[in-house]
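Notes for the one structure printed next.
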Amino acid sequence: MPATRTFDSDDSDEFKGPAFKRSSASLKQNSMPTPSSSGNVQHCQKSTLKRPHVEDVLMVDTDDSDDDDKPLALRKKADDREFKRINAYNVDSDSEDEKPLSARLFKDAASPSGGNVSDDDDSDDDKTLAARFSLVTRNSVDMPIGPNNTALNGSASSAPRNSMKRPCDSNIQPSSALKKAKCTDSSASASSEDDGSDNVPLARRLTVGESSKRKPPAKDIAKKKKNKSSSSSKDNKKVVTKMKTEKVKSNSKVREASGGGKKWSTLEHNGVIFPPPYEPHGVKMLYNGKPVDLTPEQEEVATMFSVMKDTEYASKETFINNFFTDWSNILGKTHTIKKFELCDFTPIYEWHLREKEKKTQMTSEEKKALREEKMKQEDKFMWAFVDGVKEKVGNFRVEPPGLFRGRGEHPKMGRLKGRIRPSDITINIGEGAPVPVCPIPGESWKEVKHDNTVTWLAFWNDPINQKDFKYVFLAASSSLKGQSDKEKYEKARKLKDHIRNIRANYTKDFRSKDQVKKQIAVATYLIDKLALRAGNEKDDDEADTVGCCTLKVENVTCLPPNKLQFDFLGKDSIRYLNTVEIEPPVYKAIMEFCAGKNKGGHVFDKLDTTKLNAHLKDLMPGLTAKVFRTYNASITLDNILNKQTEDGSRPEKMNVYSRANKQVAIICNHQRAVPKSHDSQMTKLIEKIDELKAQRDEWKEDLERVKTGNPLAGDEDGKRKRKLTPQVLEIKISTIETKIKEMDITKTNREELKTVALGTSKINYLDPRITVAWCKTHEVPIEKIFSKTILAKFGWAMDVDPDFRF
DNA sequence: TTATCCACTTAGCATGGAGGGG
DNA sequence: CCCCTCCATGCTAAGTGGATAA
């Protein structure tokens, strides 16, 4: 397959045409990129799938003293040049370009117009820019902490608490003891003292309460392999329970001593649930204009393709080629269908539309009944018992067959992802626990293991990439996950104590004679300042994306005197475009690294993630590249919340939170596609605002007239208005003004957030304790910030002390 | 060493149902 | 009350990074 062919809008037609003759209409091809001329073409294409974005950012450099905690990357709008370039990238879709709202947000400095809302801090930032280095410093210096002492607490904390306690509520018998332990502890205060590695009360608390597991940080050491046997006392739940309870107290110690990577003692679950078998619909597609017969298996794959008609994949050459290759295999050599161009999948597509319609036509009762039925069937798969505690299972449904939807320009997009059968699946379960019954009669599991050094309940090999695994894990709300989540944040907090040192260290090495050292220094600097990912090496059969260690010469442009422009596709083929001012020695080093290499060469040719991480580990135990992302994200949130929250209404406070959240999202480059309904939504909002303004003006005029004794102007239909007193009018006017203001804020926020994904950082990077503490201090109900599932996931963080600081 | 295996976290998108506005 | 957003949730791809094999 001609993977290299470029797609311009035309191509897409070419492909789709034949396949969907009848319904030409709907295909949307707009988003297809029109490549710009330069060498970046490929990038654009890729990125377009996902919608590129720009961010021009400016980074302020911090380095100076104090800022150790500061985030580094502040983004700013860049010069026009840059904008243009960007526009060129996305031609169609965004002509108007939204640019960086994101960027804008931060600093409006650059954007004259924009100023409306928010950003208080902008000013700071701006200056900074201007001033260049100082910003950071400033930030850190500025407001001292503030608010927290206010103590509060109360209400907020209690509510959430319960919800979280999963272990407590879980039924399973055990626990009263457990329960007690846990709940009790919870009252303890939190810790502000971080790390000490583990000594924290929190940690302790968790340990006790949560089921026993806690994985000792000390992994390694113990030669895992031994798993088998060990402690499985199992069997009788009661027994288990009892043991558990007893163990609890000493638990963590014991664990550490005894066995390194032990994750659980007893594990029970019911395995996985399979998607229903394929039900043929019998609708015949056309080949060369004539209906063709397909076996159910062949029809199934044809259907998979047909229903993707209105996605972008349907017009991608790679996708089509891969699909057709795999489908042809199923059709067999002798089948009439030989050429994709002669296939017309429309009848199947239309059948699919009808089915969809039927579904939406169902009454809510029918839907509900269906749902309940499903629930009933799935209920037993939803739960597992880990060390006697009932925990939710994450993905107990085996992935159904389908066509692979890789992101970006994935070389394997469109490949058939075949049906997974029991014989593909390995089950992991406590020794002595009943092995889940294979739900498909006559078949059996590939293997049943009893490995308590891992947390997965089952896995199979990914059919698209045999060497990859798909695991069934516990849900995020489980204590096993909660525990490791907490450890992740504790590690990031620990970095706080080392960061100054680390920065000093790499700064010194910018000029090292040792090239390896120098590259490590510069790479670390970028990871720290820009929150870049580590950048593991990738195979050719994956989308071509990069991270720090895999940056290519073509991804970095040196802009004298000391700015760098980064332009590359990162994880999920999301484009990272950012121009930053860096320290001169780094600038020099980068130029030097790039010298004499061709476009595709690695900037850091003497480096890979293993070496980098090995070095980091020397600076702080457990430190790896990704810790910097967590650290920078959380410290940024903590700083902004503490500096910028003022007394005010709840919505105002929440606004501070979301601005902070947004800044983190920008630092981490968490983007999303512009919601489909964005434009129409905006239009509506604007209309609404205009209406309100008109109303306000009318009232103002009325007020004037009433005051001066003039008669009111009549309504359109000639009726006279009821006469209002000036007081009433004034109230009305002020109410409507407020409303207008609110809507303006909504409008601005929505516009600025249309390409920013806030959820990712909230779920993965921001220490929930920061949020919880802030909510307690400022009397914002935690539910306003965390959804139900997130709340469940962060149960371990709910009882944090209001004075907690990251 | 480097390549591979393995385990687990992090990511954006589609969707469907709860809840808000007309 | 109904429609219609809009957001939470589910899904699964795509990263990171440790350990082991070659």
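Lettering of chains follows the sequences in order, A, B, ..., and the numbering in each one begins at 1. Keep in mind that the numbers below use all heavy atoms, side chains included, and drop hydrogens, waters and symmetry copies.
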Strictly below 4.0 Å, N to O, side chains only: are A/Glu542 and A/Lys412 in salt-bridge contact?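 Not counted as a salt bridge, because no side-chain N and carboxylate O are separated by less than 4.0 Å.
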Is it true that A/Lys376 and A/Asp379 make a salt bridge, defined as a side-chain N closer than 4.0 Å to a carboxylate O?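 A salt bridge is absent here (no side-chain N lies under 4.0 Å from a carboxylate O).
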Map A/Lys470 and A/Ser677 onto DNA chain C by nearest heavy atom, then report which one ends up closer to the 5' terminus.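 It is A/Ser677, whose closest nucleotide lies nearer the 5' terminus.
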Return the 5'-most residue of the pair A/Lys538, A/Ile763 with respect to DNA chain C, ranking by each residue's nearest nucleotide.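 Nearest nucleotide further toward 5': that of A/Ile763.
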Under 4.0 angstrom between [X] side-chain N/O and [N] OP1 or OP2:
X	N	result
A/Lys626	C/dG17	no
A/Thr455	B/dA7	no
A/Asn395	C/dC11	no
A/Lys467	B/dA3	no
A/Arg629	B/dA11	yes
A/His670	B/dA11	yes
A/Arg533	B/dA11	yes
A/Tyr471	B/dA7	yes
A/Lys617	C/dG17	no
A/Gln681	C/dT5	no
A/Tyr765	B/dT9	no
A/Lys417	C/dA13	yes

Between [options], which nucleotide has the shortest distance from any of its atoms to the side chain of [X]?
X	options	value
A/Thr624	B/dT9, B/dT1, C/dG17	C/dG17
A/Thr760	B/dT1, C/dT12, B/dA11	B/dA11
A/Asp572	C/dA14, B/dC5, C/dT12	C/dA14
A/Arg407	C/dG15, B/dG12, B/dC13	B/dG12

Integer-rounded Å distance: [N] [atom2] and [X] [atom1]:
X	N	atom1	atom2	value
A/Asp310	B/dC13	CG	P	17 Å
A/Asp468	B/dT9	CG	P	17 Å
A/Phe459	B/dC6	CZ	C1'	9 Å
A/Leu607	C/dG17	CG	P	12 Å
A/Glu537	C/dG17	CD	P	14 Å
A/Phe786	C/dT9	CZ	P	13 Å
A/Asp541	B/dA3	CG	P	15 Å
A/Gln671	C/dG15	CD	C1'	16 Å

Considering every strand and a 4.0 Å limit on heavy-atom distances, what is the contact class for [X]: base, sugar-phosphate, or nothing?
X	value
A/Lys684	sugar-phosphate
A/Gly570	sugar-phosphate
A/Thr610	nothing
A/Gly535	sugar-phosphate
A/Phe404	sugar-phosphate
A/Lys571	base
A/Asn536	base

On the 0 to 90° scale, with breaks at 30° and 60°, tag the [X]-[Y] ring pair as parallel, tilted or perpendicular.
X	Y	value
A/Phe786	A/Phe794	tilted
A/Phe568	A/Phe566	perpendicular
A/Phe459	A/Trp456	perpendicular
A/Phe323	A/Phe305	parallel

A/His670 side chain to A/Lys662 backbone, donor-acceptor under 3.5 Å: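 Checked: no pair found.
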Given 3.5 Å as the limit, does a donor-acceptor pair link the side chain of A/Asp767 with the main chain of A/Tyr489, or not?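 A pair under 3.5 Å: no.
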Of A/Ala757 and A/Asn461, whose closest DNA chain B nucleotide lies nearer the 5' terminus?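 The residue whose closest nucleotide sits nearer the 5' end is A/Asn461.
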With nearest nucleotides of DNA chain B determined for A/Trp456 and A/Asp485 from heavy-atom distances, which residue corresponds to the more 5′ nucleotide?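 Checking each residue's closest nucleotide, the 5'-ward one belongs to A/Trp456.
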For A/Gln681, the option from A/Arg750, A/Lys676, A/Lys747 that meets side-chain hydrogen bond (donor to acceptor under 3.5 Å, both in side chains):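 It is A/Arg750, the one option of A/Arg750, A/Lys676, A/Lys747 that forms the side-chain hydrogen bond (donor to acceptor under 3.5 Å, both in side chains) with A/Gln681.
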From the options A/Val454, A/Leu457, A/Val448, select the one residue that forms a side chain to side chain contact (heavy atoms under 4.5 Å, CB included) with A/Asn428.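 Between A/Asn428 and the candidates, side chain to side chain contact (heavy atoms under 4.5 Å, CB included) is satisfied uniquely by A/Val454.
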Table of protein N/O atoms under 3.5 Å from nucleotides 14-22 of chain B N/O atoms:
from, atom 1, to, atom 2, distance (Å)
B/dG22, OP1, A/Lys688, NZ, 2.8

